[in-house]
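Each remark here refers to the structure printed beneath this line.
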Protein chains: 2
Amino acid sequence: MSSPIKLDQTDRKILNILQKHAKITNAQLSKDIDLSPAPTLERVKKLENSGIIESYHAKLNGHLLGLNIYAFVSVKLKNYNKKSHNSFISKIEDIDEVIESHSVTGKGDYLLKVVAKDVSAYEDVVRDRISAIDDVSSLESMVILSTSKDSKVIPVP
Amino acid sequence: MSSPIKLDQTDRKILNILQKHAKITNAQLSKDIDLSPAPTLERVKKLENSGIIESYHAKLNGHLLGLNIYAFVSVKLKNYNKKSHNSFISKIEDIDEVIESHSVTGKGDYLLKVVAKDVSAYEDVVRDRISAIDDVSSLESMVILSTSKDSKVIPVP
DNA sequence: TCTGAAACAGTTGCAAG
DNA sequence: CTTGCAACTGTTTCAGA
């Protein structure tokens, strides 16, 4: 288990700003945290090198791209051995429409997040690609009707 | 309903690259898509201005920050009127540990994504903050044991 | 660890093909 | 669209406090 890395209040400010708005310039970031550009840059690099900042991503608007169905799919497997899990995970990896896959406690074994352009395309993904994996026993769809929060910001302790 | 915006293959390449690696320089991006810097920049601006690119975010490593519990929580409400939904949504908005909230079809009414530093902090959030909302009838936790895919990349049609 | 300044790299806008 | 170039903006390094 890795122990949490020590951060001061300035580091926390940096992380909160970059989670919300990664494209800020170093010059602007330094103003927002009341520091000069040089040490600001150094702190950002340190956060990147330590692995606390993993990566930077553009968030797209799915609707404008014609992706109108978002859903969570709860999956139960037939068997609980390591081979079955690994087999399932590697097949899920290849399905671009599955954008998240988590092993979870509760009634299902995996919870997937799936995106598709319409109900018909969604049906294709669920029936022809996910159900088609032998390791899968049953599925339950939770189609997203609306999203009220998708903050992309985890609370820095 | 908004109709999908027309994109050519070059725009799609840009979107795929920026979803994975938002911090790329315009100069490097232009090389990757075999175009010169000027029109590359113009395309990126167009994608931003059209709203297809919504925002840019730093992805943090929760474990290194001491956030060790991630979970989905399925929530059922007591009532299905608009007032009850709005009340629930606005209260959820204030809980930083709830990083996603989606209204969904299926057994539950909402599916939340929650993060906490340990099981005890998770219990506090679920019991003292989410269950405490009057509109909530019942909850079901699906704690994430492991995540095999979290691509941050939606498939551009 | 910070400041301030100087040197460098990348972006942005524009003209001509 | 491309190339090329200038002006600008932001990054990065470094000596000194």
Side-chain angles (χ1 to χ4, degrees), chain A residues 2-61 64-66 152-157, chain B residues 3-67 152-157:
Chain A
S2 52
S3 66
I5 294 169
K6 282 229 170 180
L7 302 175
D8 65 13
Q9 200 48 51
T10 304
D11 291 322
R12 275 186 275 272
K13 277 189 206 166
I14 291 173
L15 293 177
N16 281 321
I17 292 168
L18 293 182
Q19 282 192 94
K20 288 197 202 95
H21 179 30
K23 272 260 164 132
I24 191 172
T25 62
N26 186 62
Q28 184 59 49
L29 177 62
S30 72
K31 281 177 199 155
D32 291 357
I33 63 171
D34 292 310
L35 212 62
S36 56
T40 301
L41 186 66
E42 199 186 345
R43 279 165 181 267
V44 172
K45 295 283 173 222
K46 196 176 283 179
L47 291 166
E48 287 171 356
N49 293 334
S50 70
I52 290 180
I53 297 175
E54 282 191 344
S55 46
Y56 297 92
H57 304 273
K59 179 185 175 190
L60 307 190
N61 181 315
L64 292 179
L65 291 167
K152 306 289 177 201
V153 178
I154 63 176
V156 180
Chain B
S3 67
I5 293 171
K6 282 229 165 178
L7 302 174
D8 65 12
Q9 200 50 51
T10 304
D11 292 322
R12 276 185 275 272
K13 277 188 205 166
I14 291 173
L15 293 177
N16 282 321
I17 292 168
L18 293 182
Q19 283 191 93
K20 288 197 202 92
H21 178 30
K23 272 260 164 131
I24 190 172
T25 63
N26 186 62
Q28 185 58 49
L29 178 61
S30 72
K31 280 178 197 153
D32 291 356
I33 64 171
D34 293 311
L35 212 62
S36 55
T40 301
L41 186 65
E42 198 185 346
R43 280 166 180 267
V44 172
K45 295 286 174 220
K46 195 177 284 179
L47 291 166
E48 288 171 355
N49 293 334
S50 70
I52 290 181
I53 297 175
E54 283 190 345
S55 45
Y56 297 92
H57 304 272
K59 180 186 176 187
L60 306 190
N61 181 316
H63 279 260
L64 292 179
L65 291 169
L67 293 168
K152 307 287 175 202
V153 178
I154 63 176
V156 181

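Within every chain, numbering begins at 1; the chains are lettered A, B, ... in the order of the sequence lines, protein sequences first and strands thereafter.
- The side chain of Lys46(A) has dT1(C) as its nearest neighbour among dT3(C), dT1(C), dT2(D).
- Side-chain atoms of Lys45(A) lie closest to dT12(D) of the nucleotides dT3(C), dG10(C), dT12(D).
- For the pair Asn26(A) CG and dT3(C) P, the computed distance is 13 Å after rounding to whole Å.
- For Arg43(A), whose side chain is taken as the heavy atoms from C-beta onward, the closest listed nucleotide among dT12(D), dC2(C), dT2(D) is dC2(C).
- Counting only distance, with no hydrogens or angles, the side chain of Arg12(B) and the backbone of Leu7(B) share a donor-acceptor pair below 3.5 Å.
- What separates NZ of Lys23(A) from C1' of dG10(C) is a distance of 12 Å, to the nearest Å.
- Atom NZ of Lys13(B) is separated from atom CG of Leu29(B) by 10.5 Å, given to the nearest 0.5 angstrom.
- Rounded to whole angstrom, the span from the CD1 atom of Ile33(A) across to the P atom of dT1(C) amounts to 13 Å.
- Between the CG atom of Leu35(A) and the P atom of dT1(C) there is a distance of 11 Å, given to the nearest Å.
- Mapping Pro37(A) and Thr40(B) onto DNA chain D via the closest heavy atom, the residue that lands nearer the 5' end is Thr40(B).
- Within the 4.0 Å cut-off from OP1 or OP2 of dT2(D), at least one side-chain nitrogen or oxygen of Ser36(B) is found.
- Distance from the side chain of Ala38(B) is smallest to dC14(C) among dC14(C), dT12(D), dC1(D).
- Side-chain atoms of Gln19(A) do not come within 3.5 Å of backbone N or O of Leu60(B) as any donor-acceptor pair.
- Separating the CG atom of Leu41(B) from the P atom of dC8(D) is a distance of 18 Å, rounded to the nearest angstrom.
- Proximity of a side-chain donor or acceptor of Asn26(B) to a complementary backbone N or O of Pro37(B) within less than 3.5 Å is detected.
- The interatomic distance linking Asp8(A) (CG) with dC2(C) (C1') rounds to 13 Å, in whole Å.
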Exercise for review: With side chain to side chain contact (heavy atoms under 4.5 Å, CB included) as the test, would you mind laying out the steps for Leu18(B) and Leu47(B) before giving the verdict?
Suggested key: CA-CA 11 Å; Leu18(B) 293 182; Leu47(B) 291 166; 6.0 Å; no
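- Neither OP1 nor OP2 of dG10(C) sits under 4.0 Å from any side-chain N or O of Lys31(B).
- Between dC1(D), dT11(C), dT12(D), one nucleotide has an atom nearer to the side chain of Glu42(B) than all others, and that is dC1(D).
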